[in-house]
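What follows is one structure encoded as structure tokens, with my remarks underneath.
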Amino acid sequence: MPSNFFGGFKVSFKQIFEPRVTTSYPNQKRPKAPRLHGRHVLNRYEDGMEKCIGCELCAGVCPADCIYVRGLDNPPDHPVSPGERYGYIYEINYLRCIHCDMCVEACPTEAITESKLFEFSFTSRADAIYTKEELVVDDEGRPKHQPWEDWREGEDLHTSGWMRATAPGGASEYEGVISWSGELGYGKRAPEAGQSDNRDDEATGNFLLKDISADHIPVEFGGSVR
Ligand code: SF4
Ligand code: SF4
């Protein structure tokens with residue numbers, strides 16, 4: 001009986017000497033997965049024009065019915081987007097959004113993409129419904145930070161292209177091929193990392209999962225768990 005009793009502590013005692021895998025969240029954040037789907041942004045071209053053309057495809061495809069778009073003809077003297085129309089009203093209801101990224105897939109102009117920010121909470125329905133003013137990137141191409149969002153330094157750097165669920169960069173025939181149009185604040189983005197060794201993680205903001213989660217992955221698969 002005593003040996004069973006003390007034997008029960010063996011596992012706990014052994015863990016004292018193992019490397020710590022806990023992080024003091026939210027004081028300290030771990031790097032996020034490259035394809036994490038966070039809160040959306042509406043992107044702009046390098047010349048500042050909005051990419052959204054008000055086509056409503058994103059609203060049509062959304063399974064949670066949480067996007068509301070209204071398009072309007074571009075004023076000939078002051079066009080907002082390069083298309084015939086632009087997104088006059090654009091709203092996303094985050095009380096409904098399931099971050100599936102179907103809207104990102106459907107968008108023909110790469111106007112809507114997702115950042116990696118999931119640390120946002122609100123205390124009113126009005127705050128939960130993001131307006132176009134809140135979603136459109138700022139004059140440097142970065143997401144506008146809302147008071148209820150927890151952005152840390154550098155978190156908004158790689159904020160658009162890579163949040164697609166099935167980017168062509170994931171298919172071997174597109175490896176190394178630039179697929180993104182020029183973007184305010186970022187210019188032409190480097191191709192997304194593919195499956196082979198031919199990758200430039202520094203340029204794309206990607207990283208191998210084993211490099212950030214080594215403590216959770218067995219040694220035989222490149223991690224540090226024995
Ligand atoms: S991520 Fe999915 S649920 Fe959220 S707005 Fe886009 S399509 Fe709708
Ligand atoms: S975000 Fe894209 S899919 Fe949605 S209305 Fe604008 S252009 Fe169309």
Side-chain angles (χ1 to χ4, degrees), residues 32-74 79-118 120 128-138 141-144 146 156 158-175 177-194 204-206:
K32 289 166 179 166
R35 286 173 179 264
L36 187 143
H37 298 171
R39 88 105 150 130
H40 299 76
V41 288
L42 284 173
N43 298 301
R44 293 157 67 187
Y45 290 104
E46 287 170 286
D47 61 5
M49 276 204 164
E50 292 177 10
K51 289 189 169 185
C52 179
I53 52 172
C55 68
E56 299 179 31
L57 280 173
C58 52
V61 79
C62 176
D65 204 12
C66 61
I67 302 183
Y68 177 66
V69 193
R70 279 289 167 269
L72 199 67
D73 284 350
N74 264 311
V80 181
S81 78
E84 244 173 65
R85 302 199 303 163
Y86 71 103
Y88 171 59
I89 297 174
Y90 200 105
E91 291 177 359
I92 298 181
N93 184 344
Y94 280 107
L95 295 173
R96 290 184 176 186
C97 177
I98 54 172
H99 295 276
C100 63
D101 253 11
M102 298 283 278
C103 51
V104 179
E105 295 290 321
C107 182
T109 62
E110 302 166 4
I112 186 158
T113 53
E114 290 200 358
S115 69
K116 294 191 183 80
L117 184 84
F118 65 78
F120 60 113
I129 299 174
Y130 275 53
T131 61
K132 180 184 163 183
E133 179 55 32
E134 292 166 333
L135 291 166
V136 173
V137 293
D138 67 15
R142 303 209 171 163
K144 290 176 191 152
Q146 308 305 326
D156 55 6
H158 300 285
T159 203
S160 55
W162 288 267
M163 287 72 204
R164 289 176 174 229
T166 54
S172 59
E173 60 266 38
Y174 285 98
E175 185 128 6
V177 177
I178 294 178
S179 309
W180 319 111
S181 59
E183 199 170 295
L184 184 68
Y186 299 101
K188 276 260 186 211
R189 294 206 183 226
E192 188 181 51
T204 58
N206 274 298

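Treat the numbers as computed from the prediction; the structure is a model and nothing was measured.
Distance CD/E56 to SG/C58: 8.0 Å, rounded to 0.5 Å. To the nearest 0.5 Å, atom CD of residue E183 and atom CD of residue E110 are 7.5 Å apart. Interatomic distance, CD of E91 versus OG1 of T131, reported as 7.0 Å (0.5 Å rounding). Here the OG atom belonging to S181 is positioned 6.5 Å from the NZ atom belonging to K188, to the nearest 0.5 angstrom. Annotation: the span from L95 atom CG to C66 atom SG amounts to 9.5 Å, rounded to 0.5 Å. Annotation: the span from L184 atom CG to E50 atom CD amounts to 11.0 Å, rounded to 0.5 Å.
I67 and A59 make their closest contact through O-CB, 3.6 Å (heavy atoms, listed as atom of the first residue, atom of the second, distance). Between L57 and A106, the closest heavy-atom pair is CD1-O, 3.9 Å. Between Y186 and R142, the closest heavy-atom pair is OH-CG, 4.1 Å. What you find for P82 and Y45 is that their closest heavy atoms are CG-CE1, 3.5 Å.
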Walk me through whether E114 and D101 qualify under side-chain contact (heavy atoms from CB on, under 4.5 Å). CA-CA 8 Å; E114 290 200 358; D101 253 11; 2.9 Å; yes
Kindly indicate, with the supporting measurements, whether the criterion side-chain contact (heavy atoms from CB on, under 4.5 Å) is fulfilled by I112 and Y90. CA-CA 11 Å; I112 186 158; Y90 200 105; 3.1 Å; yes
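Each of I92, L117, T113 was compared with H40 under the side chain to side chain contact (heavy atoms under 4.5 Å, CB included) criterion, and only I92 meets it.
Listed for the E134 side chain is no donor-acceptor partner under 3.5 Å among the backbone atoms of Q146. Checked by atom type and distance alone, the side chain of N43 never pairs as donor or acceptor with a backbone atom of K51 at under 3.5 Å. Using a distance-only test at 3.5 Å, with no hydrogens or angles considered, a donor-acceptor pair links the side chain of N74 to the main chain of S81. Remark: the backbone N or O of K32 is not paired with any side-chain donor or acceptor of K116 at under 3.5 angstrom.
Ring planes of F120 and Y130: perpendicular class, angle over 60° (limits at 30 and 60°).
Residues R85 and D73 have side chains in contact (heavy-atom distance under 4.5 Å, counting atoms from C-beta outward). With a 4.5 Å cut-off on side-chain heavy atoms, C62 and R96 do not count as touching.
For Y88, the OH atom counts as loosely surrounded, since its 6.0 Å shell holds 12 or fewer non-hydrogen atoms of other residues, nucleotides or ligands. The number of heavy atoms from other shown groups lying within 6.0 Å of CD (E84) does not exceed 12.
In the model, D156 has no side-chain atom that pairs as donor or acceptor with a side-chain atom of S115 under 3.5 Å.
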